[in-house]
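Working notes, structure below.
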Amino acid sequence: MSAAERAEPGLVCAFAVTRTPPGPSALASVPGHEEGGPLRVLDAGGLYVVVQDVPEALFGEQALAERLNRPVDLERCARAHHRAVEAAAGTGGPRAGAAGGAAVVPLPMATLYRGDRSALRAVDERRPVLEALLDRLRDRTEWAVKVHAAEGSADAAPGPPAGPEGSGCGGRAYLSRASARRRDRQEAHGKARTEAEAIDAELRRHAVAATRHRPQSERLTGRRTPQLLNAAYLVENADRDAFTRALAALTAEGGRPSVRADASGPWIPYSFARWDEEPVPETGRREVPA
């Protein structure tokens, strides 16, 4: 698209803000939304925005809402957004930001503006927040940890066997078994929650900030047991070894029998880069004794 064509207001999809613009070759290798033009960079005076021109027929408010209600289209949009954020970080690959990539503030998916001027105006209006976020995220990455109750725990076991109704010895025995089963479930759930909280507390000692997301349903996780912790940790790159050692110890098989913990990272710190929310406070981990 020529400069003259871009002078006409059109829909611009913005992906991320950085202080270090990615080079043309890095952008050329990333498709972004397949329905749009090539990725490009807008200069906002010391801040740079990775954007893409997109067709209004597919990205206008009503058309986009319809597309994002379709799971296949939603996934395609999310993948395109993440590819562009990776390009802004200048590293690419599933763990962009893990190997010294530039600090970036990922923008919410489907952040759309009417032309370049509107996009630049939005960045300028939020410049102090964006500058503070870029300072905060420099040389830091995100790690995700999900903790579930262990398979075979009372949380996942079936209820008490059926028994005769009414009073009498059979009825009393059934009620006694049901009561014991409820106590077992409550005790197992309490123990699992205590272990999940201990995992979170230990990981916070090695992170500069942490946040909890809403636990995912069993339908989404595909597990028979509940998700007890869905957390993200912001970790200094210099402290990554200590964090991963703590992760390895906490997720070792059999180390905490009431739960199962899964971890992934390092990632671009999406959970700590929302420019439209108050920042997650830092933990002050250096004041916690080892």
Side-chain angles (χ1 to χ4, degrees), residues 1-24 26-70 73-92 96-97 101-137 268-279:
M1 181 176 289
S2 69
E5 288 173 314
R6 282 205 296 269
E8 294 298 323
L11 283 185
V12 173
C13 186
F15 300 101
V17 177
T18 180
R19 289 194 181 107
T20 308
L27 292 183
S29 64
V30 179
H33 293 292
E34 59 190 59
E35 305 91 349
L39 296 185
R40 55 192 180 87
V41 176
L42 298 180
D43 185 346
L47 297 179
Y48 299 88
V49 196
V50 174
V51 302
Q52 181 184 26
D53 298 293
V54 293
E56 186 164 5
L58 293 176
F59 287 83
E61 184 175 355
Q62 182 175 347
L64 184 62
E66 292 175 357
R67 293 175 67 213
L68 296 184
N69 276 327
R70 297 192 289 267
D73 284 339
L74 175 61
E75 182 178 357
R76 287 173 60 235
C77 285
R79 289 183 181 277
H81 182 81
H82 185 58
R83 287 195 301 266
V85 173
E86 288 179 341
T91 53
V104 296
V105 175
L107 304 182
M109 188 176 72
T111 296
L112 295 160
Y113 297 101
R114 179 66 68 179
D116 290 359
R117 289 184 180 179
S118 293
L120 291 169
R121 188 181 311 119
V123 170
D124 197 54
E125 289 172 352
R126 295 169 174 82
R127 184 177 297 273
V129 174
L130 290 166
E131 294 277 11
L133 282 171
L134 287 167
D135 287 341
R136 183 171 189 255
L137 300 179
I268 290 173
Y270 283 90
S271 298
F272 303 91
R274 292 297 300 269
W275 70 344
D276 54 350
E277 294 180 355
E278 288 296 318

Original post:
Taking the side chain as C-beta and beyond, is there a heavy-atom pair between Val85 and Tyr270 under 4.5 Å?
Top reply: yes
Original post:
Would you call Arg121-Asp124 a salt bridge at under 4.0 Å N-O?
Top reply: no
Original post:
Can you tell me if Asp73 uses its side chain to pair, donor with acceptor, with the backbone of Asn69 under 3.5 Å?
Top reply: no
Original post:
Got a donor-acceptor contact below 3.5 angstrom from the Gln52 side chain to the Leu39 backbone?
Top reply: no
Original post:
Are Leu137 and Val104 close enough that some pair of their side-chain heavy atoms sits under 4.5 Å apart?
Top reply: no
Subject >> Shortest non-hydrogen contact from Thr20 toward Ala102 >> reply: CB-CB, 3.9 Å
Subject >> Closest approach of Glu56 to Leu11 (non-hydrogen atoms, all atoms of both residues) >> reply: CA-CD1, 3.4 Å
Original post:
Considering all heavy atoms of both residues, which atom of Ala16 and which atom of Pro106 are nearest to each other, and what is their separation?
Top reply: CB-CA, 4.2 Å
**OP:** Provide the closest heavy-atom pair for Val50 versus Ala88 in the form atom of the first, atom of the second, distance.
**Re:** CG2-CB, 3.6 Å
Original post:
So does Arg79 have more than 12 non-hydrogen atoms from other groups sitting under 6.0 Å from CZ?
Top reply: no
**OP:** Determine whether Arg40 and Asp116 make a side-chain contact, defined as any pair of heavy atoms from C-beta on separated by less than 4.5 Å.
**Re:** yes
**OP:** Output yes when Arg76 and Glu35 qualify as a salt bridge under the 4.0 Å nitrogen-oxygen rule, no when they do not.
**Re:** yes
Original post:
Do Asp53 and Val12 come close enough that some side-chain heavy atom pair is under 4.5 Å?
Top reply: yes
Original post:
Under 4.5 Å between any side-chain heavy atoms of Val54 and Leu112, yes or no?
Top reply: yes
Original post:
Is the backbone N or O of Leu58 less than 3.5 Å from a side-chain atom of Arg67, with the two atoms forming a donor-acceptor pair by type?
Top reply: yes
Original post:
Within a strict 4.5 Å, meaning less than it, do heavy atoms of the His81 and Thr111 side chains meet?
Top reply: no
**OP:** Please tell me if the side chains of Leu107 and Phe15 come closer than 4.5 Å, counting only heavy atoms from C-beta onward.
**Re:** no
Original post:
Do Arg19 and Asp135 sit within salt-bridge range, that is, some charged N less than 4.0 Å from a carboxylate O?
Top reply: yes
Original post:
Can you name the residues that form a ring-ring contact (aromatic ring centres under 6.0 Å, His included) with Phe59, not counting sequence neighbours?
Top reply: His33
Original post:
Considering all heavy atoms of both residues, which atom of Leu74 and which atom of Leu68 are nearest to each other, and what is their separation?
Top reply: CB-O, 3.8 Å
Original post:
Do the side chains of Pro22 and Val41 get nearer than 4.5 Å, heavy atoms only?
Top reply: yes
Subject >> Least distance between heavy atoms, Ala119 atom then Leu42 atom >> reply: CB-CD1, 4.0 Å
**OP:** Answer yes or no: are there more than 12 heavy-atom neighbours, outside Arg117 itself, under 6.0 Å from its atom CZ?
**Re:** no
